[in-house]
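Okay, so here's the structure we're looking at.
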Amino acid sequence: MDDRRGKGRGAKDGKKGGFKKKFVFKRRKFCKFCDEKVEYIDYKDVRLLQGFIPERGKILPRRISGTCSMHQRGLMHAIKRARNIALLPFTAD
Amino acid sequence: MHEYETIFIIQPSLTDEETETLAKVFEGVVAEHKATMIKSERWGKKRLAYRVKNFWEGTYVFFEYLAEPSVVTELERRLRIHENILKWISVRKDPRAAAEEVRKAARLAKAQAAGMPGRDMDDRDRDRDRDRDRDRDRDRGADDGR
């Protein structure tokens, strides 16, 4: 199981520099929003929200992103609003 | 009185003047009900994330105003009736949102001070839109008219 988790994180880091995953070991997930002390997630901030919708257009689950429940909820509301005015897709194929 | 924000999307095939007049019409709706307009922004033509009434893009207009709830109802009613409006959304502004805007501005200023002027954010948006367009057009090329 540890192995699989390692890979997942590696893939994420892999964007930046190819072989980096070899050096990165376990890192605790943390809530990005708590870290930055975000109080309210704005639905107009497409750039921010896009980080939480993978290719398919679904909302990234918090078991992957590590977002805390409070912020995940805020994020969900923001994404749903953004979808409503066509800033984000409902689905993408 | 509460702060509200409304975003609506105008049909892209209108000329700039027509679009502007239309935006002015809805500004008028807010004004004539003793409401105060705080912000009225034109975001310009943007790609839609999905097709709306057979359009892939639309002109976004953003209003932020202080008003009674009835104003929102009226504005939405008018938007619903108008044929050149593709979509709209009205939201009562979250009190925490203001603090968040301040925080964001501060962070941006800090980033710029740190010597990361970078490119204009709008440029990046445009690039993203362009890339998305290209990908989508390529994908759609194969099975057009679906």
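Chain letters run A, B, ... following the sequence lines, proteins first, then strands; residues in each count from 1. What you see below is based on every heavy atom in this structure, not just the backbone, and it leaves out hydrogens, waters and symmetry mates.
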Is chain A contacted by the side chain of [X], its backbone, both, or neither, given a heavy-atom distance below 4.5 Å?
X       : result
B:Ile89 : both
B:Trp88 : backbone
B:Phe62 : side chain

Quiz item: Which residues in residues 31-44 of chain A have a heavy atom less than 4.5 Å from any heavy atom of chain B?
Solution: A:Glu36, A:Lys37, A:Val38, A:Glu39, A:Tyr40, A:Asp42, A:Tyr43, A:Lys44
Exercise. With a 4.5 Å heavy-atom cut-off (strictly below), which parts of residues 70-82 of chain A touch chain B? List them by number.
Key: A:Arg81
Quiz item: Where is the tightest heavy-atom contact between A:Pro89 and B:Ala49, given as atom of each residue plus distance?
Solution: N-CB, 3.3 Å
Quiz prompt | Minimum-distance pair of heavy atoms, taken over all atoms of B:Tyr50 and A:Leu88 | solution = CE2-O, 3.6 Å
[X], [atom1] atom: more than 12 neighbouring heavy atoms under 6.0 Å:
X       : atom1 : answer
B:Glu32 : CD    : yes
B:Arg80 : CZ    : yes
B:Arg42 : CZ    : yes

Tell me whether [Y] is reachable from [X] by hopping between hydrophobic residues (I, L, V, M, F, W, Y) whose side-chain heavy atoms are closer than 4.5 Å.
X       : Y       : result
B:Leu48 : A:Leu49 : yes
A:Ile53 : A:Leu48 : yes
B:Val25 : B:Trp43 : no
A:Ile64 : A:Phe30 : no
B:Ile9  : B:Phe26 : no

Self-check item: Under 4.5 Å from a heavy atom of chain B, the part of A:Ile85 involved
Solution: both
Quiz prompt | Side-chain donor or acceptor of B:Lys87 paired with backbone N/O of A:Ala86 under 3.5 Å | solution = no
Self-check item: CG on A:Asp45 to CD on B:Glu100, rounded to 0.5 Å
Solution: 9.0 Å
